[in-house]
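Here is how names work: the chains are called A, B, and so on, in the same order as the sequence lines, proteins then strands, and each is numbered from 1.
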Number of protein chains: 2
Amino acid sequence: MNLKQNNVNCKNCSLDNICFPRGLSQEEINSINQIIRPKQTLHRGEYIFRGGETFKGVLAIKSGTAKQVSNDFDGNEHILNILLPGELLGFDGFINNKYHYSAIALETLSYCVLPAQSMDDIFYKVPTLSKELFRHSCERINDYKEFYVLGKRPAEERLAHFLISLSDRLKKRGFSASKFTLSLTRQEMGNHLGLALETISRLLKKFQQEDLISCKSKHIEILDIPRLRAIFTYTE
Amino acid sequence: MNLKQNNVNCKNCSLDNICFPRGLSQEEINSINQIIRPKQTLHRGEYIFRGGETFKGVLAIKSGTAKQVSNDFDGNEHILNILLPGELLGFDGFINNKYHYSAIALETLSYCVLPAQSMDDIFYKVPTLSKELFRHSCERINDYKEFYVLGKRPAEERLAHFLISLSDRLKKRGFSASKFTLSLTRQEMGNHLGLALETISRLLKKFQQEDLISCKSKHIEILDIPRLRAIFTYTE
DNA sequence: CGTATTATTGACTCCATTCAAAGATAGTGG
DNA sequence: CCACTATCTTTGAATGGAGTCAATAATACG
């Protein structure tokens, strides 16, 4: 462990209003600071954790992006979600003390850890954080409910929703809402959205012809956010 | 409020190992007993809560079944889940202090309430229950992940999974795993699974011709659980 | 008993998949 | 730095699974 890692703490982290410290007081942030293990760095393709591994804690992406992946028994990969900085993962490890899905870095990535062995401590001593973790997990439930409903919609709506959802989440984290690099292949996007990679390709072309987006390889620019948003009609 | 309602308590409830008291000690069960509001009764079609309503608490189905429903802005209903006795609902109310989805009784139903106003108390004073609630919410995340992956599979697998999932959950609750009454129309099943009602009708017929199930109106009997289970290949 | 809702069945249609082949891009080593 | 290779993307054509439409049958309900 080097000094640079130790420098990371929640107090001076730009994600403090999104990540673990959301809703906590200064004192509480100080106290979780002693619990959170500072960031670890990974590169594209490396595993943050694997399905089946023992629960090591709830994690927070500090920088970079990741995909959450489930494997069925045929060996098929299912991309459950894309994770952005400030987003938490690993809640499922709380069930039977092991992770049920894998998380893989999509690009150079760093993350912080709320270690499994301190979870009990948190429930006993930091009720505000327990509550916050609970709220986070409830939010994930809502995310998946949205995915689930969206899964019944036509391909065009699914892709539009995916792009807008990314845009919204990036904006919330201080990144550009209209211009970003998506470290996913067409294959991976299709996998995540339950569509063939050819369908993704055709739809991206269509969106470009309609001047909704511009897209060169992995660089995506949304040219008309409201019109793209209007494509998927489903709202809570 | 009548005496009969007051008689309900977690200590003598048959669902104590599934519902709120799961994993709690006798003393802790005594203490939550004072928090949990005893059962309320509803009839088919009545709302347990409506999307948009203020969060009144996390609920537990005591008897009967319910559907969890989301409405898109076109007024279309989306059945997110079917709830059985001992299952908890209303976690989403924890976000912004309101429910985001509705819950509707599918038949005569009774439920218990862990009131919203005591949630803070629980986080501060009953860490074991906080932890248990957190675990429950994490399990719901996993449920929806499973739905999400399954949503990409063909119609036959989805219906097979739905029936087996019901069977498994009923068994866990002490009901018959092979014979049950499903208070859902073909329309509702189709809605939940993202299929047309005609598709449900055709598939149920097919399953019957293959001697996998027998089904007279709402009464379903699974004749060959292993073979029905083998239809959906996806496993965690 | 009659009416409304729900279920079945068939015919046709369409959206997205699959198959196939060519084109673009990125990464590697000489 | 360029050539070479592997991977990824685009595009077209054909196929198919599930949806839609429609008409009839069965069931539930007041």
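The side chain of A/Ser217 lies closest to C/dA26, out of C/dA26, C/dA7, C/dG10. Between D/dA22, C/dT18, D/dA18, one nucleotide has an atom nearer to the side chain of B/Pro154 than all others, and that is D/dA18. Closest to the side chain of B/Thr185, from the set C/dA7, C/dT8, C/dT17, is C/dA7. Proximity note for B/Arg202 (side chain, C-beta onward) versus C/dT18, D/dT20, D/dT9: the nearest is D/dT20.
Note on B/Gly194: only backbone sugar-phosphate atoms sit closer than 4.0 angstrom, heavy atoms only; bases stay farther off. Contact annotation for A/Leu197: base contact, defined as any heavy-atom pair under 4.0 Å involving a base atom.
Taking only side-chain nitrogens and oxygens, A/Lys218 never comes nearer than 4.0 Å to OP1 or OP2 of C/dA26. When the side-chain nitrogen and oxygen atoms of B/Thr199 are compared with OP1 and OP2 of D/dG19, one or more of them lie within a distance under 4.0 Å. For the pair B/Arg186 and C/dT8, the criterion of a side-chain N or O lying under 4.0 Å from OP1 or OP2 is met. Look at B/Lys205 and you won't find any side-chain N or O under 4.0 angstrom from OP1 or OP2 of C/dT8.
The CD-P distance, from B/Glu198 to C/dT6, rounds to 14 Å in whole Å. As a whole-Å value, the separation of A/Gln187 CD from C/dT17 P is 12 Å. Rounded to a whole Å, the NE2 atom of B/His219 is 11 Å from the P atom of D/dT27. Between the C1' atom of C/dA7 and the CZ atom of B/Phe207 lies a distance of 17 Å, rounded to the nearest Å. As rounded to whole Å, 13 Å separates atom P of D/dC8 from atom CG of A/Leu106. When the C1' atom of C/dT9 is taken as reference, atom CG of B/Leu204 falls 14 Å away, rounded to whole Å. Rounded to a whole Å, the CG atom of B/Leu203 is 15 Å from the P atom of C/dA7. Going from atom NZ of A/Lys216 over to atom C1' of D/dC8 covers 19 Å, rounded to whole Å.
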Practice item. Determine, stepwise, if the pair B/Glu156 / B/Phe207 fulfils side-chain contact (heavy atoms from CB on, under 4.5 Å). Key: CA-CA 9 Å; B/Glu156 202 172 332; B/Phe207 285 170; 3.6 Å; yes
Exercise for review: Check the pair A/Asp168 / A/Arg229 against salt bridge (charged side-chain N to carboxylate O under 4.0 Å, His left out), numbers first and verdict last.
Suggested key: CA-CA 11 Å; A/Asp168 286 346; A/Arg229 198 187 293 275; 3.0 Å; yes
Exercise for review: Before giving the answer on salt bridge (charged side-chain N to carboxylate O under 4.0 Å, His left out), spell out for A/Glu210 and A/Lys206 the whole-Å C-alpha distance, their side-chain angles and the decisive distance to 0.1 Å.
Suggested key: CA-CA 6 Å; A/Glu210 292 169 348; A/Lys206 184 165 179 261; 3.6 Å; yes
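A/Glu188 contributes no side-chain N or O that forms a donor-acceptor pair with the base of D/dC8 under 3.5 Å. Below the 3.5 angstrom threshold, one finds no donor paired with an acceptor across the side chain of A/Glu156 and the base of C/dC15.
Stacking of A/Lys179 on the aromatic ring of A/Phe175 is not recorded, the 6.0 Å distance cut-off and the 45° axial limit not both being met.
Classified by interplanar angle (parallel below 30°, tilted 30° to 60°, perpendicular above 60°), the ring pair A/Tyr99/A/Phe49 is parallel.
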